[in-house]
Amino acid sequence: MSSSVLTVPFNDLHLQYTNLKGELDAVIGDVIASSSFIRGPYVDQFEHDFAVAIGTTECVSCANGTDAIYIAMTSLGVKPGDEVIVPAMSWISTSETVSQTGARPVFCEIDPITYTIDPEHLAKLVTSRTVGIIPVHLYGQPADMDPIMQTADQHGLWVIEDCAQAHLAKYKGKQIGTFGVAATFSFYPGKNLGAMGDAGGIVTSDSALASKMAMFARHGGLTKGDHQIEGINSRMDGLQAAILTVKLKCLQDWTTSRENIAARYDAALQDMTGFSTPLVAEGRQSVWHLYVIRTPNRAELAQHLKSNGIGMAINYPRALPMLPCYADWGHVPADFPVANELAEQCLSIPIFPEMTLEQQDRVVTVLAEWSCR
Ligand SMILES: *Cc1c(COP(=O)(O)O)cnc(C)c1O
């Protein structure tokens, strides 16, 4: 490859840092100077600001987005013998946390257009053991919350929204994270709002639930030495909170930038042959955590992108029920045809707020070359 050809990374966290270097370096220095490492004013500030950004009254921060789901379920009383319905396509956190509580994850097929949990299949999976549903707003697009909430209300189930990929996304004009009893977020560095390490949070407008979750995440006590219950140690540290508070102010602009890039991709790519572009359902506003195209010739396209210096990723190569860790359940691909076909065909191309027009055009050119091959 000639050095004059533009390469495009999948994401550019270094550029995100350099754009905010002055402010980030200053707050990192402040946290260290004040030794506000665990809890303290920076964590309080972020919890406040994030709840406001989502439109809830409470935010309970924790160590990562996986713990967030586990903490929320434990605080809702999920126990062995219970069943929790999760989509067949997600990152494993959505299902492994159910098993962690002792309950059983029950996998639900996804919708072929939005790739989020299929409400019709969902309604058929409810049994007398079902206690809750965890819809995932996958790749940044909201799940179909109206019928999901309807099924939940009809059977007295809780809903925890897994918002790890969808900060600020909207469903029918309403922010995701405000539909269920609680909603969980990840601030893993590559997420739409990312820390410089692991971090997570749970939002809710139920203050009793918020205290329960905070207590569980902090060794079962909100006051030192006063352990009301046994909990776990899952805290966001002061450095991550300070970093996230700075970055949160940029989140709306970053989201707009992702939307613009997705719109440019849509226009440039939708008539190309050999792959299809992602669709967003009516009434849903995606925040484009990922731009996922589909092709039956994925290995070939991946190789073409790689040899032309274009970053890519597979999110995710296997539907959850087909992972080796769930082999004992005996699922076969025909049980979840939509999720399995997506797992075989999906390919994520670069999308990040700092992406230049030149980088976007380069991705389009390389895809056009493959399309016309
Ligand atoms: C990233 C992610 C999580 C977990 O977040 P971590 O902070 O990495 O633990 C959970 N669910 C989904 C859908 C994710 O993408």
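As the structure lists them, so they are numbered: ligands from 1, and atoms in each ligand from 1. Quantities reported herein were computed from a predicted structural model and do not represent experimental measurements.
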Any residue meeting salt bridge (Lys or Arg N to Asp or Glu O under 4.0 Å) with D206, in chain and number order, not counting sequence neighbours: none

Results of side chain to side chain donor-acceptor pair (under 3.5 Å) for W91 - residues two or more places apart only: S93

Pair K249 + D49: basic N to acidic O under 4.0 Å: no

F50/F185 aromatic ring centres below 6.0 Å: yes

D82: side chain to side chain donor-acceptor pair (under 3.5 Å) partners, not counting sequence neighbours: K79

Mind listing the N or O contacts between ligand 1 and protein, cut-off under 3.5 Å?
from, atom 1, to, atom 2, distance (Å)
ligand 1, 5 (O), S186, OG, 3.1
ligand 1, 7 (O), G65, N, 2.8
ligand 1, 7 (O), S186, OG, 2.6
ligand 1, 9 (O), G65, N, 3.3
ligand 1, 9 (O), T66, N, 2.9
ligand 1, 9 (O), T66, OG1, 2.5
ligand 1, 11 (N), D162, OD1, 3.3
ligand 1, 11 (N), D162, OD2, 2.8
ligand 1, 15 (O), Q165, NE2, 2.8
ligand 1, 15 (O), K191, NZ, 3.1

salt_bridge(D237, R39) N-O dist < 4.0 Å: no

